[in-house]
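Reviewing the structure listed below.
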Amino acid sequence: MDSEAKRMGKVAAERDDYVPERVEARWRSFWEEERTNEVDLDAAERPFFNLMMYPYPSAEGLHVGNLYAFTGADIHGRYRRLLGEDVFEPIGFDAFGIHSENHALQVGVHPMELIPRNVANFERQLRRAGLMYDWTRTVDTTDPDYYRWTQWIFLKLFEAGLAEKKEAPVNWCPSCKTVLANEQVIAGRCERCRTPVGQRMLSQWFFRITEYAGRLLDNLEWIDWSRTTKTAQRNWIGRSEGARLWFPFVIVGDGGSGLADGSAVRARAIEVFTTRPDTLFGATFLVLSPEHPVVDEVTMPDRLEEVAAYQAATAGQDLMERRKVDRAKTGVFTGGHAVNPATGEEIQIWIADYVLMDYGTGAIMSVPAHDQRDFEFATRFGLPIRAVVAVSAGEGEAKDLADVPLGPGSSAFVEHTTDEVLINSGRFSGMPADDGGLAIVEWLAERSLAEPAINYRLHDWCISRQRYWGPPIPIIYCESCGTVPVPEDDLPVRLPYLEDFRPEAAGVSPLARVEEFYRVECPECGGEARRETDVSDTFLDSAWYFLRYPSTEFDDRPFDEARTRRWLPVDSYIGGEEHSVLHLLYSRFIVMALHDLGYLEFEEPYRRFRKHGLLVKDGAKISKSRGNVVIPDAYIDRYGADTFRTYLMFLGPYQEGGDFRDRGIAGPERFLYRVWDSVVAAVAASAGGRGCGEIEPELERALHRAIKKVTEDLERLSYNTAIAALMDYVNALRSEGRTPSLPEVRPLVIMLAPVAPHIAEELWERIGGEPSIFDHATWPTYDPAKLEEDKVDIPVQVNGKLRATVRVARGASREAVEELALRDENVRRHVEGATIRKVVHVPDRLINLVVG
RNA sequence: GCGAAAGUGGCGGAACCGGUAGACGCGCCAGCCUUAGGAGCUGGUGGCCUGAGGGCCGUGGGGGUUCGAGUCCCCCCUUUCGCACCA
């Protein structure tokens, strides 16, 4: 602060002007000294757990997007507190993970030094933002006292059979010799060295979240979440109903018929999943994913070379590239054949990279007449196409069966909706497609060649990271005992300090270079054993952090039973929509699993979740690469946290986001100065014996309306309109230069407190309240009887067009309003010469005269 | 391609049940009061026409339902976000 500004501050102070910096510093220390933001976790009678998504403490510091998210959640917490609830509002730091590690690599500072620095900086910034955090209960995921419990959760899931090790493909940079996350692959190349990225199979730990897919989906029916977030989860889980079908291989020299009865046949068959069993008669070939284990078995000797070459080419693609839709279809024939279980025909088996190993069974029945991708493939390679579904010509009859056009755009290439019938499908021809599909499955089920099935898009959760900056996975491998969990008493498995933490070894974690770390005794037999050297995914850290907050002081349990019963599930969770699927799904899964294991009484972690919108700047997403990152510090220095908070919440609907423009901040700034001036004037008037008594009647209505509006709007997070209502009320208080009275400003100060807590605290004290306002004020209530005037202005329409307004007593009858309306000159002009055919009267709202 | 959300003054946005479109704020215009801070206060501000009574048009475009549509229905366009060869 330069001396000029200091001088002005002093002048302002002498004049009793609002000086945000002084006010905010004063109350910040008051809250800290009086421990205003702490709550007695064991005695709270009306516990309200107000959760917001803890930040990743980046080196750049807190940005305006973080503050936008936190402020919106904080307002809700403060509001609940003023309603008399015991609000617990904690914060923490999600400081493990590739983000942090990459940044540490970039700046050449070890994460164990860098992270505490970043956390300290974040904390400094957060402390001046007016957030109601209980700083005695923070969580830092990199603290061994925290991650020992992350490891404990892994052990519990392992014991329950929900953690398993299996092979999975990963992006692999052959030059850096490291695994890459999908975000690190840019246009098929390594983001660091530009080398084309390939795929590699690695053995990794998975949580079997797919076991919970059905429940995770079903509970979405009743949990109280933003609708769009639920939809995102529903799509992500991706339930498809259909059937599994078995296509027996044709074994050379076997005579070709694999259609024996009995389930034994399945062992020698290719299993496919389809959502369209009704089209089975049109399945004219099979396509396997190039990685499918059965490829070797079905490939004929003369095709081996070609098939191997194609498999190699596929493996050379990175996972992202392969999933591009707009590429031309490629594939090769294996030489092998299978039998279509419905038609008995021998059909060719191909491999193609458009079939993905990680969805369904990794094999499809190809129905080119009714599937875009299969159609492209069949056209390219000259494979047969047979239509088996057609638009109904009515009454179960297909159109001309002999001449059904094929391929996209044709009537046979129908979407699976309504009004289709089967054709060319043996005895199923003529059936509506849906019924036909069921009938076909039923028919084949008798021979164990089909069964109804539900498939999920959701994959098991790979939690292994061949990286340094995360909690070591608590597993030990012993030659004789196999995979052995680390005994609970030995937790935490501490992450050692590594001078060189670069992820450069061949697909293994940097920890694999540290003998002192991985060489251990087997906890079971005491023999030589090797520790798991991968660390776990950051999303595991964040999948349970909210369980820890109320129990941070316990070092012998992750979450205390009594505390958990009192505080959880979380009452309100507010966060960004970018976490709709991963974090919000993983945390549901972990809670559900812990519930099933008897550690938690509830199976859904959040009573209510609301997403907030995205803050953009000048119409563009805020990002480092665009160079439009907004750091809040300068604004808080210049305007104070209260003005900044008010501005952030005023610039648009919180749940939809908004555009940050420097210019707009003037409005909220003036508003707070006006509030200040009004309250100071009211106090002075009251001291002078003037205007200290009643609320003026014309203002009473404005006040009760404001209370109603603000209360309802805070309830539904509609902060921009709540602030508008407060502004409106202040305008009414000051209209025609009047001086407001104390009873007129007291409710204003309370209603302002959630949004602008410092100034509200200061003004509360000045009007004689005992600080803190959050402990001693009561949220104002409104009287419905005082909301409306006893006279109302009623718009008069003629044929739906506004022609006049008339002022009538509240509740006036249709006749009375009509009579008055017809007395209006302008109305009369429009009604003249016509007859009134109808009068629509909405009491106290409108009258419409229909003439003609 | 699929899914979701959204298109309203010069700008950010309001209108929650189909009932006076544009609350609140920014900006702008006019006036007043000040000389230095947050400058403040008062009034005006969708467009076009006007005889100053008012009239016509107006919520992305086109249809429709209705006494009445930003709001409901159908078709189309645009933007943003997510997922993306999901069988």
Side-chain angles (χ1 to χ4, degrees), chain A residues 4 8 11-12 17-20 227-229 231-232 234-236 238 240 242 272-276 287 320 322-327 329 352-356 358-367 371-374 376-377 455-457 577-578 580-581 613-614 616 619 621 639 643 647 650-653 656-661 663-674 676-677 709 712-713 716 718 720-728 731 734 736-737 793-805 825-826 829 837-840 842 845-852:
Chain A
E4 175 67 7
M8 286 322 306
V11 169
D17 274 2
Y18 174 38
V19 183
R227 199 177 37 100
T228 52
T229 313
T231 306
R234 228 171 252 131
N235 293 339
W236 185 262
S240 301
V272 307
F273 172 78
T274 180
T275 52
R276 297 290 307 274
V287 187
M320 298 305 279
R322 172 158 171 192
R323 286 170 182 257
K324 286 265 167 63
V325 192
D326 44 359
R327 294 158 46 229
K329 292 282 176 290
D353 64 6
Y354 80 93
V355 177
L356 307 173
D358 56 8
Y359 182 77
T361 64
I364 62 162
M365 66 175 207
S366 196
V367 185
D371 182 280
Q372 176 74 40
R373 298 152 300 174
D374 296 346
E376 283 168 29
F377 194 80
N455 194 64
Y456 295 100
R457 201 194 79 109
E577 211 173 17
E578 66 275 18
S580 291
V581 287
L614 189 71
V616 300
K621 194 171 168 175
Y639 298 97
T643 293
Y647 169 62
F650 186 61
L651 54 67
E656 277 156 50
D659 200 340
F660 185 94
R661 285 159 205 255
R663 236 169 39 165
I665 202 166
E669 182 184 32
R670 283 175 203 156
F671 166 63
L672 291 186
Y673 275 100
R674 278 181 200 144
W676 178 279
D677 292 346
K709 179 86 179 132
E712 287 171 359
D713 285 354
R716 60 192 178 107
S718 183
N720 57 334
T721 52
I723 292 165
L726 291 173
M727 288 173 167
D728 217 8
N731 291 345
R734 296 163 61 83
E736 291 157 20
D793 290 314
I794 296 200
V796 181
Q797 295 181 343
V798 178
N799 286 343
K801 281 186 187 290
L802 180 71
R803 296 303 175 194
T805 60
E825 197 184 321
N826 198 36
R829 246 204 347 262
R837 299 190 181 281
K838 190 173 171 186
V839 177
V840 180
V842 184
R845 301 237 34 164
L846 162 143
I847 188 161
N848 187 11
L849 309 174
V850 185
V851 304

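Chain naming here is simple, since letters A, B, ... match the order of the sequence lines and numbering starts at 1 in each.
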Least distance between heavy atoms, A:T643 atom then A:P668 atom
O-CB, 4.1 Å
Roughly how far apart, to the nearest Å, are B:rC73 and B:rA5 at atom P?
13 Å
A:N731 CG to B:rG25 P: how many Å, rounded?
5 Å
Scanning both residues in full, the closest heavy-atom pair of A:N235 with A:R457 reads O-NE, 3.7 Å
Hey, does A:P653 reach any base, or is it just sugar-phosphate, or nothing, if we go heavy atoms under 4.0 Å?
sugar-phosphate
Closer than 4.0 Å, any side-chain N/O of A:S240 to the OP1 or OP2 of B:rA87?
yes
When rounded to the nearest Å, what value does the distance between P atoms of B:rA14 and B:rG60 take?
14 Å
Roughly, in whole Å, what's the span from CG in A:L672 to P in B:rC24?
18 Å
Which part of the nucleic acid, if any, lies within reach of A:R837 when heavy atoms closer than 4.0 Å are counted: base, sugar-phosphate only, or nothing?
nothing
Heavy-atom nearest pair, A:T228 first then A:E577, reads OG1-OE2, 2.8 Å
5′-ward residue of the pair A:G658/A:R716 relative to RNA chain B
A:G658
When you compare B:rC85 with B:rC74, how far apart are their C1' atoms, in angstrom units rounded to a whole number?
32 Å
Please measure how far the P atom in B:rG55 lies from the corresponding atom in B:rA6, and state the result in whole Å.
35 Å
Among the candidates B:rC26, B:rA4, B:rG25, find the nucleotide nearest to the side-chain atoms of A:R663.
B:rC26
Is B:rG40 in the syn range, within 90° of 0, or in the anti range?
anti
Within 45 degrees of the axis of the six-membered ring of A:Y354 and under 6.0 Å from its centre: does A:K329 put its NZ or CZ there?
yes
Checking the side chain of A:Y647 only, and the main-chain atoms of A:R661 only, is there a donor and an acceptor separated by less than 3.5 Å?
yes
Measure the distance from CD on A:E712 to C1' on B:rA23 and round it to the nearest whole Å.
16 Å
Separation of atom CG in A:N826 from atom P in B:rG53, rounded to whole Å
12 Å
Sugar-phosphate only, base, or nothing, as touched by A:D728 at under 4.0 Å among non-hydrogen atoms
sugar-phosphate
Between the protein and nucleotides 62-65 of chain B, which nitrogen or oxygen pairs come in under 3.5 angstrom?
none

Any chance the side chains of A:T721 and A:D713 put a donor and an acceptor closer than 3.5 Å?
yes
Integer angstrom distance from the P of B:rG19 to that of B:rG10:
25 Å
Using a cut-off of 4.0 Å on non-hydrogen atoms, how would the nucleic acid contact of A:R457 be classed: base, sugar-phosphate, or nothing?
base
Taking B:rC24, B:rA5, B:rU20 as options, the one with an atom nearest any side-chain atom of A:D793 is B:rU20
Stem ranges of RNA chain B by first residue number, counting only runs of at least 3 Watson-Crick or G-U pairs under 3.5 Å, come to B:1-7 with B:77-83, B:10-12 with B:24-26, B:27-32 with B:40-45, B:46-49 with B:54-57, B:60-64 with B:72-76
Atom CD1 of A:I665 and atom C1' of B:rG25: how far apart are they, to the nearest Å?
13 Å
Side-chain N or O of A:K329 closer than 4.0 Å to phosphate OP1/OP2 of B:rA87
no
Work out which heavy atom in A:I794 is nearest to a heavy atom in A:I847; give both atom names and the distance.
CG2-N, 3.8 Å
B:rC2 and B:rC57, which share atom name C1', separated by this distance in whole Å
40 Å
Are there more than 12 heavy atoms of other residues, nucleotides or ligands under 6.0 Å from atom CZ of A:R716?
yes
So what does A:R829 touch, heavy atoms closer than 4.0 Å: a base, only the sugar-phosphate, or nothing?
sugar-phosphate
Distance-minimising heavy-atom pair for A:F273 and A:T361
N-OG1, 3.8 Å
What's the CG-P distance between A:D713 and B:rG13, to the nearest Å?
17 Å
Pairwise P distance, B:rU20 and B:rG70 [rounded to whole Å]:
10 Å
Walking RNA chain B from its 5' end, the first of A:V842 and A:Y359 to be reached, judged by nearest nucleotide, is A:V842
Would you say A:N455's side chain and A:S240's backbone share a donor-acceptor pair under 3.5 angstrom?
no
Glycosidic conformation of B:rG9, taking syn as within 90° of 0 and anti otherwise
syn
Give the nucleotide from the list B:rC26, B:rC85, B:rA14 with an atom nearest to the side chain of A:T721.
B:rA14
In whole angstroms, how far is the C1' atom of B:rA15 from the CZ atom of A:R845?
11 Å
Same-atom distance (C1') from B:rG64 to B:rU71, integer angstrom
15 Å
Closest approach to the side chain of A:Y354, judged atom by atom: which nucleotide of B:rC67, B:rG25, B:rC85 is it?
B:rC85
Atom-to-atom span, CD of A:Q797 to P of B:rG18 - whole angstrom
16 Å
A:R670 vs B:rG40: side-chain N/O to OP1/OP2 distance below 4.0 Å
yes
For B:rC72, glycosidic torsion class - syn if within 90° of 0, otherwise anti:
anti
